[in-house]
*Asks:* 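Shown below is the structure under consideration.
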Amino acid sequence: MITLQGKGVSSGIAKGRLSFLKRKSLSVEKRHVDDVEQEIERFNTARQSASDQLDALAATMADKIGEENALLFEIHRIMLEDADYCDPIVEIIKTEKVCAEYAVNTAGSRLAQEFAGMDDEYMKARSIDVYDISKRVIEMLAGKGQGQIDNGDPAILAADDFTPSETAQLDRSKVLALVSRQGAVNSHTAIFARTMGIPAIIGFGEFLSGDLSGKEAALDGETGVLYVDPEPTVISGLDAKAEQARREREILEQARGKPTRAKSGKEMKLYANIGSVRDVDAALAGDAEGVGLFRSEFLYLGRDNYPDEETQYESYRKVVEKMGNRQVIIRTLDIGADKQADYFELPKEDNPALGMRAIRICLTRPDIFKTQLRAIYRASAHGNAAIMFPMIASLDELLRAKNLAKMAREELAAKGAPFKADIPIGIMIETPASAVISDMLAREADFFSIGTNDLTQYTLAIDRQNDSIASFCDPHHEAILRLIKMTCDNAHKAGVWCGICGSLGADIALTKTFVEMGVDELSVEPSRILKLRSVIAAC
Ligand code: PEP
Ligand code: MG
């Protein structure tokens, strides 16, 4: 038996034959051309056909991989029109007098390498997208359709890497699992595999050698281990794990659609934490009763300038619309500390977590803040939105933030833009100061949501980014629990509800404690919701 360790990106157990992906071969020769203009025309025609194909895929794949995921094909189409992608191709055809296939392959590989070399994990993962669109154009130039994966009988499919198009178009009935030498946790391949429920492990490197093709294998997508020629004891261990997971899923499914109620009769709400429109499908699939934390700052990251009101409005509107009647709590900009965007030109600080971040930036730069607030208010016309301010540490900060929200409403009203003026405005309790004065804050806030990640960092003076001191961090520290209790009591005295949106909310060792404290809502990763509902039911 050979045991290989990779990075599990989609959980599940699989057993079967290892089959290396057979792609229709794409040979790209460097062919000289005399008529450069005609070759550019050839490239543009192929690009247009690839674009049309992507349009059709965006429409037809929604059922299989979800509407949000199918948007990837729309993104690929936009990439195909991007000057950063096309101009170098045309330039190579012109200057080197070579065929379009060679130019697409060369320029596409260069751009893909640029992405692969980026620090940001999300951008790094876009490298395979560039490869994917280049492959599609080259196939068009060669007069072939996009290479459909030909994987014969059901098998564990192996490859260097899978393009998102390949993954999305897999015949699920013939794929037991995916394993690859390369890949990124944030790649669309990983996302699609999770959406389609295909176990997947990436990053085996050269250990996943072609010699293993045809061998019997078994894998655990959770631990990221692949066993080639597995011993009977390994197989029986994996079988038992798969059976237990199946039984657990069956039991958890019984909690779907049910109200969240403890034995004591205490009703709670189970909301989802999301970071983008893309996550809404997972929130709905996880049976979220609402969105308790939309980390809106992700709209500001990975770009080189501020997102304008329209861009933000579109994102908020989509989330709110997709969630229907369910509440969507949009946390206003929480940039700074570990989430940096260069164009904010924030000062270099010795202690960024104690520096210019979140509400402090918003109060210092009211125009940026009001742009976001107007976008949220406009989106409120399409559903059930709420606003939440992060990192509040004083009553004055809350009043100033509320005043800016009022100004944003007045600006929209002056323009005659439709919006709901009375959506709830809540705050995050993530500083010890805000927990201690929660009685005062509760008179001015419509709800509280406790951000235990930061509350823990600031209460215990333990930098949440610093792994070397993690052993000093006791997430169940009595000080944290007392602050949560105090916040909850003060909220209830003032007649406002109190939830938890930090990671502690999903800690089932504390669920009973939270129920007893009277916590009204837990906002957690979508995949934790059904489990929590069943735990709460037993409290
Ligand atoms: C928190 O601090 O608990 C929280 C939910 O906010 P974030 O993790 O985004 O800082
Ligand atoms: Mg926080």
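Scope of the values below: all heavy atoms of this structure, side chains included, with no hydrogens, waters or symmetry mates. For ligands, and for the atoms within them, numbers begin at 1 and follow the listed sequence.
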*Asks:* Indicate, as side chain, backbone, both or neither, the part of Q457 found under 4.0 angstrom from ligand 1 when only non-hydrogen atoms are considered.
*Replies:* neither
*Asks:* Kindly indicate whether the side chain of I536, heavy atoms from C-beta on, has any atom under 4.5 Å from the side chain of L522.
*Replies:* yes
*Asks:* Under a 3.5 Å distance rule, please check whether E349 uses its side chain to pair with a backbone N or O of M356 as donor and acceptor.
*Replies:* yes
*Asks:* With rounding to the nearest 0.5 Å, note down the distance linking CZ in F514 to NZ in K266.
*Replies:* 13.0 Å
*Asks:* What's the shortest distance from atom 6 (O) of ligand 1 to any protein heavy atom, and which residue and atom give it?
*Replies:* R331 NH1, 3.3 Å
*Asks:* So if I count the atoms of ligand 1 from 1 in the order they appear, which ones are less than 4.0 Å from some heavy atom of G502?
*Replies:* 3 (O), 5 (C)
*Asks:* Taking only heavy atoms of D334, which atoms of ligand 1 are found under 4.0 Å from at least one of them?
*Replies:* 10 (O)
*Asks:* Using heavy atoms and a 4.0 Å limit, tell me yes or no: is R464 in contact with ligand 1?
*Replies:* yes
*Asks:* Just one of F369, Y300, F344 clears the ring pair (Phe, Tyr, Trp, His ring centres under 6.0 Å) bar with Y306, so which one?
*Replies:* F344
*Asks:* So that I can tick it off, tell me whether E253 and R256 are bridged by a salt bridge, with the cut-off set at under 4.0 angstrom between side-chain N and carboxylate O.
*Replies:*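 Looking at R256 and E253, the cut-off is met.
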*Asks:* Mind checking whether M428 has a heavy atom under 4.0 Å from ligand 1?
*Replies:*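 Per 4.0 Å heavy-atom rule, M428 contacts ligand 1.
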*Asks:* Counting the benzene-type ring for Trp, do Y313 and H382 have ring centres under 6.0 Å apart?
*Replies:* yes
*Asks:* Taking 2.8 Å as the cut-off, does D454 contribute an N, O or S atom near the Mg ion (ligand 2), distance below it?
*Replies:*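 Yes.
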*Asks:* Measure from the Mg ion (ligand 2) to every N/O/S atom of E430 and report the name of the nearest one.
*Replies:* OE1
*Asks:* Is there side-chain contact between V280 and I274, with heavy atoms separated by less than 4.5 Å?
*Replies:* yes
*Asks:* Answer with side chain, backbone, both or neither: which part of L293 has a heavy atom less than 4.0 angstrom from an atom of ligand 1?
*Replies:* side chain
*Asks:* Any nitrogen or oxygen of E297 lying under 3.5 Å from a nitrogen or oxygen in ligand 1? Just yes or no.
*Replies:* no
*Asks:* Could you tell me the separation between the CE atom of M323 and the CD1 atom of I329, rounded to the nearest 0.5 Å?
*Replies:* 10.5 Å
*Asks:* Under 4.0 Å from a heavy atom of D454: give me the atoms of ligand 1 that qualify, with their elements.
*Replies:* 1 (C), 2 (O), 3 (O), 10 (O)
